[in-house]
Q: 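Let me give you the structure first, and then I'll get to my questions.
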Amino acid sequence: MAFVQQSSPHAHSARPTSRVMFWVLIAALPGLLAQTLFFGWGNLINVVFCIAVAIASEAALLKLRKKPVAFFIKDNTAAVTGLLLGLSLPQFAPWWVSAVAVISAIVVAKQLYGGLGSNPFNPAMVGYALVLVSFPVAMTTNWAEPAMLWDGAPGFGETLATIASGQQTAVDGWTMATPLDEYKHKITTHTAVEVLNHPTFGEGIAKGWEWVNGAFLAGGLLLIGLRIISWHIPAGFLGGLIVMSLAFGNNADLYTPLSLHLLAGGTMLGAFFIATDPVSAATSHQGKLIYGAGIGILIYLIRTWGNYPDAVAFSVLLMNFAVPFIDHYTPPRTYGHHKARRGVPGSQG
């Protein structure tokens, strides 16, 4: 009886990129729903617009590069980039700010490096960081005031008109600083109790924001459960942030408390959906833990002593720089060897 002989790896039912990205889109829906419920229609409009611009930009560049447009568009990676930017940008960000962010992400950070698999930096965070530095007023004065969709939030038409007008000034009565921004700048002259009396904090940790982060946490756990992502980067990310906060920020009258670090900004979105980008992140399990921890540590450092209240984008990009170094010293163990080869001459498995 003849047996079929095949060499390793013996992988079965490999998930195509399009299916992986599809599950990322699905897992982000609870967070998008929470943003819509607690902050109005802004993020939903931004997500739809950013995805459309991302797909159009990718199609145009693929056409210029003489690549099969339909084949690459169907992998859903452009849609995910648009989704992440739509979730990250302020609710009332002018349309042209969103367009610049998306086009920079797709054209500069992805396609000009060779397309999917060749980009060394997270495309969405490149776009976000560029508009944050270039248009600081638009990126810091257009965050929506926490208001339930059915009780106080601007209507869909009003929100769409504000975004489409392209004005860079905030709308009185609809906008407010983010909780991290409010705490960071007020704690230097006020006590923690006084700062937390601001309406943006409500009666909980940060009005609406804790539900948004909880929703992204649930979506991230779904991705881990489906083995779309591994637990190592989120664990390192959150672990690094928690350790730094416990070590240096115990006094709430001087530093932002841990609860706000975890639930009042883009932490959960960053930990499960942004930092886990498979192209620009570290490769091995050990490397992923180091990579994630580095992001968490940098987030705390920038939030506490830097100029930016959230810092997820800059922290991810800085650790993207370190990925080749991390991968060089944390290779996985090769099958048949007792330990990993780390580039040391004469080492044997």
Side-chain angles (χ1 to χ4, degrees), residues 25 28 31-32 35-36 39-64 69 73 77-113 119 121-145 153-178 181 265-266 269-270 273-274 307-314 316-317:
L25 294 169
L32 176 59
Q35 286 183 327
T36 305
F39 297 97
W41 296 100
N43 284 117
L44 180 60
I45 294 172
N46 284 344
V47 163
V48 174
F49 177 71
C50 288
I51 289 177
V53 174
I55 292 175
S57 301
E58 180 131 307
L61 262 291
L62 289 170
K63 189 75 172 176
L64 287 173
V69 175
I73 289 295
T77 56
V80 168
T81 298
L83 171 75
L84 294 178
L85 282 168
L87 294 171
S88 303
L89 292 168
Q91 288 83 11
F92 294 110
W95 67 269
W96 52 267
V97 171
S98 301
V100 170
V102 175
I103 293 172
S104 300
I106 297 296
V107 175
V108 178
K110 182 181 179 183
Q111 288 299 327
L112 292 186
Y113 277 101
N119 51 287
F121 305 107
N122 186 298
M125 293 301 95
V126 169
Y128 185 92
L130 186 143
V131 294
L132 180 59
V133 173
S134 303
F135 314 115
V137 175
M139 289 292 290
T140 56
T141 60
N142 287 290
W143 292 97
E145 177 184 5
F156 180 85
E158 293 174 303
T159 305
L160 180 61
T162 302
I163 294 172
S165 69
Q167 296 180 358
Q168 198 170 343
T169 56
V171 181
D172 291 340
W174 291 357
T175 58
M176 181 180 292
T178 63
D181 196 8
L269 175 64
F273 292 89
I274 295 174
N307 291 325
Y308 297 97
D310 201 297
V312 171
F314 293 108
V316 169
L317 293 174

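Computed from a predicted model, the values in this text were never measured in an experiment. All residue numbers in this chain count up from 1 along the given sequence.
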Q: Taking the six-membered ring for Trp, are Tyr308 and Phe314 parallel (under 30°), tilted (30 to 60°) or perpendicular (over 60°)?
A: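 Tilted.
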Q: Show your working on side chain to side chain contact (heavy atoms under 4.5 Å, CB included) between Met139 and Tyr128 and close with a plain yes or no.
A: CA-CA 9 Å; Met139 289 292 290; Tyr128 185 92; 3.5 Å; yes
Q: Between Asn43 (side chain only) and Gly86 (backbone N and O only), is there a donor and an acceptor less than 3.5 Å apart?
A: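 Such a contact is found between Asn43 side chain and Gly86 backbone.
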Q: Say whether, by atom type as modelled, one donor and one acceptor occur between the side chain of Asp310 and the main chain of Gly266 under 3.5 angstrom.
A: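 Between the backbone of Gly266 and the side chain of Asp310 there is a qualifying donor-acceptor contact (under 3.5 Å).
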Q: Hey, does Lys110 have a side-chain heavy atom less than 4.5 Å from the side chain of Thr77?
A: yes
Q: Should Leu61 and Ile106 count as side-chain neighbours, where that means a heavy-atom distance under 4.5 Å?
A: no
Q: Look only at the side chain of Gln91 and the backbone of Ala144, and say whether a donor-acceptor pair between them is shorter than 3.5 Å.
A: yes
Q: Is the backbone of Pro90 close enough, under 3.5 Å, to the side chain of Asn46 for a donor and an acceptor to pair up by distance?
A: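 Yes; judged by distance alone, with no hydrogens or angles, the pair exists.
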Q: Test side chain to side chain contact (heavy atoms under 4.5 Å, CB included) on Val102 and Thr81 and set out the steps.
A: CA-CA 8 Å; Val102 175; Thr81 298; 5.8 Å; no
Q: Please check this pair: side chain of Asn142 against backbone of Pro94, looking for a donor-acceptor N/O pair closer than 3.5 Å.
A: no
Q: Is any side-chain heavy atom of Phe273 less than 4.5 Å from a side-chain heavy atom of Leu84?
A: yes
Q: Is any side-chain heavy atom of Cys50 less than 4.5 Å from a side-chain heavy atom of Leu89?
A: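 They are in side-chain contact.
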Q: Run Ser88 and Ile274 through side chain to side chain contact (heavy atoms under 4.5 Å, CB included) and show every step you take.
A: CA-CA 10 Å; Ser88 303; Ile274 295 174; 4.3 Å; yes
Q: May I ask you to test the Gln35-Leu32 pair for a side-chain heavy-atom distance under 4.5 Å?
A: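 Yes, side chains in contact.
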